[in-house]
Amino acid sequence: MAFLDIHHLQKSFGALHVVKDFTLGIEKGEFVSFLGPSGCGKTTVLRMVAGFETPTSGAIRIGGRDVTSLPANRRKIGMVFQAYALFPNLTVEDNIGFGLKVAGEGKAAIGRRVGEMLELIGLPQLGNRYPFQLSGGQQQRVALARALAPRPQVLLLDEPLSALDAKIRVSLREEIRRIQQELGITTIFVTHDQEEALSISDRIVVMHQGVADQVGTPFEIYNRPSTRFVAEFVGTLNLVDADVVEAVSGRVRVGEVPVTLNRPLAARAGERISLALRPETVALGRTEGHDVVFSGRIAEVHFLGSVIRIRVAIGGQVISLDTFNQPDRPPPDIGAPVEVSISDRDLLVLAA
Amino acid sequence: MTGKRIWPWLAVVLGGLYFLLPLAGMVDFSMRMKRGQYSFEAYRIVLADPQFQQTFGYSVMLALLTIVLGILLVVPTAYFVRLKLPGLRPIIEFITLLPLVIPPIVIVFGYIRIYNTSSVLPLTGTWLGTNLLLLFGYATLALPYMYRSVDTGLRTIDIASLTEAAQSLGAGWARILAVVILPNVFVSVLSGAFLTFAIVIGEYVFAALLNVNSFGPYMVWMGGNRAYEPSALAVVAFAITWACMGLIQLVTRFSRFSTVRR
Ligand SMILES: Nc1ncnc2c1ncn2[C@@H]1O[C@H](COP(=O)(O)OP(=O)(O)OP(=O)(O)O)[C@@H](O)[C@H]1O
Ligand SMILES: [Mg+2]
């Protein structure tokens, strides 16, 4: 059994069924992100783990112990909130020491631990400040230290970075990951930012309408999305219409170009299906290993800095592709005829 | 001063005169006890009167107890209503406003009827019972001010998140209220407390009808039996009330941490 075991969890608010049969095992020391659109139930699951909401049914076990009916203040769970929720009347030191004081530790022990925590978050000189004297990023670091100081069994973070601006968001997420690995603490991180989830997680749970659509490593989630929702939510995606020629061998036709998927298809011959394609798997021009070639015209060019996103019109469809910026090669002109090539292995067949 | 400013200033001056003239008259009168010269004679007599010291001391004590009771009653109530039963807020607010609507004389007659010596709970029969009754009565009178200021204070902090943060760190309700909530609404509690103090110090109806020798009845008795001293007493009472208001301002300004955001 996993260290943190969420077992067939359900939650309804009145008639609203918010979490539907959510099951997940998290190993000790693992960093798991809940990724999903607004309102899909991420926070609700997290709050049930923390003990702030009571599940309608299902169980939560931590280290083999059933905590489903344990009140929040006895679960030994560290929580970091989007709005920091530091105690405004306490200094940084007292905020960090709060949990230890509640646990009845001695003054000296608390002082030592608080010092350690201040080192860990890189703010050793700010112990005497009040929260309102700190920047947002500093406040969230203090909130993290406060959650970690009593050595919780599990750390929960609910969109801890979404109130911060972009630069700090990136540096703080890396810091959170570093601290998590340093302490080896089991962590759930809620976000609706896919880049955040992909960059720091051991595993990602993509949630959709109260269900875990797919659980996997960032690599798996991105490259082998198991449902259409996951594929569309994580990263950008081209959807390409294809006509099935022979289902058993996976032969289809995209426009006039025949493609063999080497996978049996659920659809019947003559039916039209959608195939998905990541922009970065499409190459401009013919490339070795890419044996499917389409010709079309440049429809749009978006210069994004290091990456250039080009949209190419092929027959009635438009395919986006990404190329790296090269200073000596300006992007192609709109309307110019081009060839694009892909590998048939990169075409994803999505379940509905 | 431009022409446009004249009217507002005129209003301020008129309002100020309306308010200050009687006060000035009262101060002036209170200092004329000695024929032909200004003196603090009336004040000296009032302050030296053992009756004054006794009733004033009693009322101060009662006011402090009322404040403590009010805090114990109002802070947890306002907090839990906001946190768990926000739907009840209008109802609670209405209830706390009732003491402003129901005249004190009605309330105290109700008390006397319910708690008289031939009732099940004969509170008026003993010294302690009467004082308790007065204390509860004053806590009721102070409710509108206490509840409003505490509720306003609670609005300026995110009590739901603070509560959850404290809970996840292991704290129980008593600690959350005492260490997290109360200090953060302290300024509001204080302003409620000073208003309570001002009400209790001068209250007459409850005390008189329950036959308690507090500062209110003493002032009334003075007013009926002396000439210059009542004015001196009124000025003293005024000074006390204004000192309370001043203290509210002072404490608000010098609170170490600012909870006011948003
Ligand atoms: N206390 C509540 N009472 C009623 N409905 C609620 C309550 N809490 C959440 N909900 C509903 O449950 C659904 C899921 O909410 P939840 O907060 O878990 O979403 P989320 O995935 O965290 O979204 P976001 O990314 O916006 O934070 C929403 O439709 C929300 O309106
Ligand atoms: Mg949420």
Side-chain angles (χ1 to χ4, degrees), chain A residues 43 46-47 49-53 70-92 94-105 128-134 136 139 142-158 163, chain B residues 71 75-76 78-80 82-88 149-193 251-262:
Chain A
T43 298
L46 203 72
R47 290 171 57 81
V49 175
F52 300 137
E53 302 281 2
L70 209 61
N73 59 350
R74 290 174 46 206
R75 288 199 186 185
K76 291 188 188 307
I77 283 180
M79 180 99 189
V80 175
F81 301 83
Q82 181 179 345
Y84 323 135
L86 292 175
F87 306 128
N89 57 314
L90 301 181
T91 60
V92 166
D94 291 341
N95 263 287
I96 297 176
F98 186 91
L100 301 164
K101 206 167 162 195
V102 172
E105 296 212 21
N128 293 319
R129 295 241 189 126
Y130 283 95
F132 77 94
Q133 297 168 312
L134 302 179
Q139 289 191 53
V142 173
L144 180 66
R146 179 181 68 175
L148 290 171
R151 299 184 175 84
Q153 308 189 71
V154 177
L155 177 66
L156 307 177
L157 306 105
D158 191 357
Chain B
I71 292 173
V75 173
Y79 167 69
F80 281 114
R82 257 189 188 276
L83 191 65
K84 302 264 178 182
L85 305 163
L88 276 188
S149 37
V150 170
D151 199 48
T152 310
L154 287 174
R155 194 169 50 205
T156 61
I157 56 173
D158 183 357
I159 56 169
S161 298
L162 290 183
T163 301
E164 287 177 359
Q167 275 179 328
S168 71
L169 293 166
W173 291 118
R175 186 188 293 265
I176 293 175
L177 271 168
V179 181
V180 177
I181 300 302
L182 192 57
N184 284 305
V185 293
F186 188 66
V187 172
S188 318
V189 168
L190 267 188
S191 70
V251 170
T252 313
R253 196 155 314 155
F254 287 107
S255 70
R256 272 174 311 150
F257 50 88
S258 163
T259 54
V260 186
R261 245 176 263 145
R262 260 167 280 225

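So that the names make sense, note that chain A is the first sequence line, chain B the second, and so on, each numbered from 1.
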Discussion item. Could you report the tightest heavy-atom contact between A:Arg146 and B:Leu169, atom names first, then the distance?
Written reply: O-CD2, 3.4 Å
Fill in: Backbone N/O of B:Val179 and side chain of A:Asn89: donor-acceptor pair under 3.5 Å
yes
Worksheet, complete the sentence: Turns out that what part of A:Leu156 lies under 4.5 Å from chain B's heavy atoms comes down to neither
Worksheet item: Considering all heavy atoms of both residues, which atom of A:Asn73 and which atom of B:Gly172 are nearest to each other, and what is their separation?
Response: ND2-CA, 3.6 Å
Fill in: Portion of A:Ala50 that has a non-hydrogen atom of chain B nearer than 4.5 angstrom
neither
Worksheet item: Is the closest side-chain heavy-atom distance between A:Arg47 and B:Glu164 below 4.5 Å?
Response: yes
Worksheet item: Of all of B:Ser161, B:Ala171, B:Ala160, which one pairs up most often with chain A through heavy atoms under 4.5 Å apart?
Response: B:Ala171
Discussion item. So for B:Ala166, is it side chain, backbone, both, or neither that comes closer than 4.5 Å to the heavy atoms of chain A?
Written reply: both
Worksheet item: How many angstroms lie between CZ in A:Phe52 and OG1 in B:Thr163, if you round to the nearest 0.5 Å?
Response: 9.5 Å
Worksheet item: Hey, are the side chains of A:Phe87 and B:Pro183 touching, using non-hydrogen atoms and a 4.5 Å cut-off?
Response: no
Discussion item. Taking every non-hydrogen pair under 4.5 Å, which of A:Gly99, A:Ala103, A:Ala147 racks up the most with chain B?
Written reply: A:Gly99
